[in-house]
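Report on the following structure.
Side chains included, hydrogens not; waters and symmetry mates left out as well; all remaining heavy atoms used. Each chain gets a letter, A, B and so on, in the order the sequences are listed, and its residues count up from 1.
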2 protein chains.
Amino acid sequence: MKPSVVTFEPNGNSCRDCSIRESSVCSALDAAELRQFEHLGRRVQFGPCETVFSEEDIATSYCNVLDGVMRLYKLLPDGRRQIVGFALPGDFLGMNISGRHNFSADAIGSVAVCQFAKAAFGRFIEDRPHLLRRINELAIRELTQAREHMVLLGRRSAEEKVATFLLSWRERLIPLNGPSNTVPLPMSRQDIADYLGLTIETVSRTFTKLERDGVIEIIHGGISLLDPARAEALAAA
Amino acid sequence: MKPSVVTFEPNGNSCRDCSIRESSVCSALDAAELRQFEHLGRRVQFGPCETVFSEEDIATSYCNVLDGVMRLYKLLPDGRRQIVGFALPGDFLGMNISGRHNFSADAIGSVAVCQFAKAAFGRFIEDRPHLLRRINELAIRELTQAREHMVLLGRRSAEEKVATFLLSWRERLIPLNGPSNTVPLPMSRQDIADYLGLTIETVSRTFTKLERDGVIEIIHGGISLLDPARAEALAAA
DNA sequence: CGACACCTTGAATGCGCTCAAGAGGCGTGG
DNA sequence: CCACGCCTCTTGAGCGCATTCAAGGTGTCG
């Protein structure tokens, strides 16, 4: 929520060593292109709760999440918040058509991103349709996720929401940490509530209930999934 | 809901005369390209409630909505339905990455679409990055709408949902019918409920309340917006 | 050790849902 | 032309899930 105090270093590291090279937009680029591309991006670091960009801000750059987790959210005039997604390493942010961001983004823990000036990136993409295709692919994937989320928000009960969230969050972490029934939850209960369209109390109560029922165990900084099968059942597919 | 009984005619009409040429994907194409393009598409007609495609179907074609309104929805295993959007003339459907549709689509009234076999369309797009860019633009616009819808589903009250829906539906119809306070609602109350994450009874009650309050008048096949300013206020922007 | 943030728990309220019935519109057929 | 059935929409009554309001617990960091 704080104003974004940005610390950045000229991008000393090469794209070749980038941890998200294969999962990000950049996977569309070959070695030669990557060498050109690496001059466009610069690494920017954000501390916990720092704002990366705000809704309605003019979008001057795209960014690739390198490390950490971000919450992406929209606010109503009276302060109600809906988190529209969490961004993880490899995610690409800043696509829009109005020239302005249509949601806000801030760091949950420490976050590192690779920023690209919009103009330079636009020129780079100009004669590289394979990169454009990759971007399109990411946009469509997000759209698919967004629709799935609409079903959750509009048609699922609190318990189904929480169970679905835990399972899909675990799923999203697999490419990063490998499969595991220990699911870290770097975001706060309030974040989870605002993601699921619930209140913090309901989320807390539902966690407790799932624990009482032996489906999960609440551990520090996350949960442990004790009974994945039952969780799937509760998620109502 | 019925199985789709398709009637089609070889596309005698040329793209030049197409009513949605300027608002659809096709706006990215110049006259010469349009002449090639018109061999790829064929006009297909659907009657009321016929299914255009179903979730999990293999997506063999894209389609441009030419005329009519479609509901796009996802179902939970137990039959709960969430309408993720309504498609209007100019909308482009069929984008996905899995090769399968990730929602179902059926006609509300009579609908005409322009279908493109995926393979041929893919070949056509290959060396036409401007068309790809246009598709990307449409995907991003949908993504923006989807996020707006998430806020509605997760964080708005019934009255706010209905007011927001009426205003945004009116807005969407402007390019088709011009601005007007008479808002046709071709979809059923059940459709509206499933779009807003409410029950049909709540939608009906809320319509009645808005009418009692002098905000709208319920007319046959739609509503008349009597007090747009108050509607905006109720929508909690 | 105290202050603060975050999380949990409890009790009561209320919004939207469920269940149920009634009203209205429309096409069909006598 | 009206009678009838069907479907959609509306309205009412009561309920229940998630919320609100309020307090208490837990962990962290100065």
Side-chain angles (χ1 to χ4, degrees), chain A residues 1-2 47-49 71 76 78-83 106 108-109 152-166 184-213 216-223 234 236, chain B residues 1-2 47-49 71 76 78-82 108-109 152-166 184-213 216-223 234 236:
Chain A
M1 289 290 194
K2 295 176 207 163
C49 288
R71 60 178 156 255
L76 290 176
D78 63 1
R80 280 175 287 177
R81 184 178 71 159
Q82 176 66 46
I83 292 185
D106 43 47
I108 286 179
L152 177 141
L153 291 170
R155 287 295 177 228
R156 292 175 122 100
S157 69
E159 191 172 54
E160 289 169 347
K161 284 177 176 183
V162 171
T164 305
F165 166 67
L166 292 175
L185 297 173
M187 69 291 283
S188 70
R189 293 288 190 271
Q190 185 63 63
D191 288 339
I192 297 174
D194 288 347
Y195 181 69
L196 299 178
L198 298 171
T199 58
I200 184 174
E201 294 94 330
T202 301
V203 171
S204 185
R205 270 186 259 272
T206 308
F207 269 74
T208 306
K209 179 174 186 307
L210 290 177
E211 185 168 47
R212 262 203 316 271
D213 295 352
I216 64 170
E217 188 191 351
I218 299 172
I219 56 179
H220 184 71
I223 61 111
L234 290 174
Chain B
M1 291 293 194
K2 295 174 203 161
C49 290
R71 60 177 156 256
L76 290 178
D78 62 3
R80 280 174 287 177
R81 184 177 69 158
Q82 176 65 46
I108 286 179
L152 178 142
L153 290 169
R155 286 297 178 224
R156 292 175 123 99
S157 69
E159 191 171 53
E160 290 168 346
K161 284 177 177 182
V162 171
T164 305
F165 166 66
L166 293 175
L185 297 173
M187 69 292 283
S188 70
R189 293 288 190 270
Q190 185 64 64
D191 288 339
I192 298 175
D194 288 346
Y195 182 68
L196 298 178
L198 298 171
T199 59
I200 184 174
E201 295 94 333
T202 300
V203 170
S204 185
R205 269 186 260 272
T206 308
F207 269 73
T208 306
K209 178 172 188 306
L210 291 177
E211 185 168 48
R212 262 202 318 272
D213 295 352
I216 64 171
E217 189 191 350
I218 301 172
I219 58 180
H220 184 71
I223 60 110
L234 289 173

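- The side-chain contact (heavy atoms from CB on, under 4.5 Å) test applied to A/T199 returns A/E201, A/T202, not counting sequence neighbours.
- The side-chain contact (heavy atoms from CB on, under 4.5 Å) test applied to B/E217 returns B/E211, B/I219, B/S224, B/L226, not counting sequence neighbours.
- For residues 201-211 of chain B, proximity to DNA chain C is found at B/E201, B/T202, B/R205, defined as any non-hydrogen atom under 4.0 angstrom from a strand atom.
- Partners of A/R205 by salt bridge (Lys or Arg N to Asp or Glu O under 4.0 Å), not counting sequence neighbours: none found.
- Remark: A/S188 pairs with A/Q190, A/D191 by the side-chain contact (heavy atoms from CB on, under 4.5 Å) rule, at least two apart or across chains.
- Among residues two or more places apart in sequence or in another chain, the side-chain contact (heavy atoms from CB on, under 4.5 Å) test is passed with B/R156 by A/L76, B/V151, B/L152, B/E160, B/K161, B/T164.
- In the 5' to 3' direction, nucleotides of DNA chain D lying under 4.0 Å from heavy atoms of chain A begin and end at D/dA18 to D/dT28.
- The side-chain heavy atoms of A/K209 and A/E159, taken from C-beta on, include a pair separated by under 4.5 Å.
- For A/R155, the salt bridge (Lys or Arg N to Asp or Glu O under 4.0 Å) criterion is met by B/D194, not counting sequence neighbours.
- Within residues 191-199 of chain A, the residues having any heavy atom closer than 4.0 Å to DNA chain D are, in order of number, A/G197, A/L198, A/T199.
- Both B/R156 and B/H220 lie near DNA chain C, and the one whose nearest nucleotide falls closer to the 5' end is B/R156.
- Residues of residues 159-166 of chain A having a heavy atom closer than 4.0 Å to DNA chain C: none are found.
- A pairwise comparison of heavy atoms in A/I216 and A/F207 identifies CD1-O, 3.8 Å as the closest pair.
- For the residue pair B/Y195 and B/L153, the shortest heavy atom distance occurs at O-CD2, 3.6 Å.
- In terms of heavy atoms, A/A193 sits closest to A/I200 at CB-N, 3.6 Å.
- Counting heavy atoms from C-beta on, the side chains of B/I218 and B/L210 never come closer than 4.5 Å.
- Here the shortest heavy-atom pairing between A/R80 and B/A236 reads NH2-CB, 3.9 Å.
- A distance of 12.0 Å separates OG in A/S204 from CG in A/L198, rounded to the nearest 0.5 Å.
- Here the range on DNA chain C touched by chain A, meaning any atom under 4.0 Å from one of its heavy atoms, is C/dC7 to C/dA11.
- Within the model, atoms OG1 of A/T206 and CZ of A/R189 stand 10.5 Å from one another, a figure rounded to the nearest 0.5 Å.
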